[in-house]
Amino acid sequence: MQFKASGLFKTLRILFGAFMIVVYLGMAYLLYINFFQWYSEPWLTLRYVFAIVFALYGIYRCYRQIKGIDYYRLRDMEERYDKYNKTPDNHED
C-alpha cells in the first residue's frame with residue numbers, strides 16, 4: 001500500500017506555498033521602493049542585496065509551486081509509512 005497525502009493536506013500545502021510566494025515577492029518590492037526609509041549607507045546597500053535575494057527566492061518558490069516539485073518531507077513520510085505498515089502478505093525477504 002502506497003502512502004497518499006489527503007486532499008486537504010495538498011490544498012493546505014498549495015495555499016501556504018502561494019502565501020509564501022506573495023510574502024517573499026512583497027518583501028522584495030518593499031525593500032526595493034525603500035518602504036522602511038533606510039537612507040544611511042550600510043543599510044542602503046543591504047536593502048538592495050536583500051531585495052534581490054527575496055526576489056530570487058520568491059521566483060524559485062514560484063517555479064517549484066508551478067512545476068509541482070514536492071518537498072523532501074513528503075518523501076520521508078512515504079518511506080516511514082511503507083517501512084512500518086507492511087503486511088505479512090507483501091513483506092519482502
Side-chain angles (χ1 to χ4, degrees):
M1 183 164 129
Q2 186 72 13
F3 176 79
K4 298 291 181 191
S6 70
L8 179 63
F9 180 70
K10 287 181 182 179
T11 303
L12 289 176
R13 289 180 63 89
I14 290 170
L15 289 175
F16 180 73
F19 173 74
M20 289 309 296
I21 290 167
V22 170
V23 167
Y24 288 124
L25 294 177
M27 189 65 183
Y29 177 73
L30 291 177
L31 286 170
Y32 179 73
I33 65 167
N34 200 12
F35 178 79
F36 302 107
Q37 298 175 356
W38 295 340
Y39 293 110
S40 61
E41 181 50 41
W43 293 112
L44 187 63
T45 305
L46 284 175
R47 178 173 62 97
Y48 287 118
V49 169
F50 280 110
I52 291 169
V53 169
F54 277 120
L56 289 176
Y57 189 66
I59 292 168
Y60 171 70
R61 292 274 308 234
C62 186
Y63 169 77
R64 283 181 30 180
Q65 188 82 12
I66 290 171
K67 284 296 213 179
I69 299 172
D70 209 1
Y71 302 95
Y72 65 92
R73 290 185 191 114
L74 186 56
R75 286 194 298 266
D76 290 344
M77 288 172 58
E78 289 175 353
E79 290 172 4
R80 276 187 269 144
Y81 184 84
D82 290 341
K83 179 179 177 182
Y84 294 112
N85 293 315
K86 290 188 181 222
T87 58
D89 299 337
N90 64 2
H91 183 70
E92 300 166 3
D93 292 326

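Atom OH of residue Tyr60 and atom CD of residue Gln65 lie 12.0 Å apart, to the nearest 0.5 angstrom. Between the OH atom in Tyr24 and the CZ atom in Phe54 there is a gap of 7.5 Å [rounded to 0.5 Å].
Placement of Leu30 and Phe19 within a single hydrophobic cluster is found when ILVMFWY residues are connected by side-chain heavy-atom separations under 4.5 Å, directly or transitively. The hydrophobic cluster containing Val22 does not contain Tyr29, counting ILVMFWY residues as joined when their side-chain heavy atoms lie under 4.5 angstrom apart, directly or transitively. By the rule that hydrophobic residues join a cluster once side-chain heavy atoms approach within less than 4.5 Å of another member, Leu56 and Tyr63 end up as members of separate clusters.
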Can you give the donor-acceptor pairs under 3.5 Å from side chains of residues 37-51 to other protein atoms, not counting sequence neighbours?
unit_1 : atom_1 : unit_2 : atom_2 : d
Glu41  : OE2    : Thr45  : OG1    : 3.0
Arg47  : NH1    : Leu31  : O      : 2.9
Arg47  : NH1    : Tyr32  : O      : 3.1

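Counting non-hydrogen atoms of neighbouring residues, nucleotides and ligands closer than 6.0 angstrom, the CZ atom of Phe16 reaches no more than 12 such neighbours.
Taking Ile, Leu, Val, Met, Phe, Trp and Tyr as hydrophobic and joining them when side-chain heavy atoms fall under 4.5 Å apart, one finds Ile21 in a cluster with Leu25, Ile59.
When every heavy atom of Arg61 is checked against every heavy atom of Met20, the shortest pair comes out as NH2-CB, 3.6 Å.
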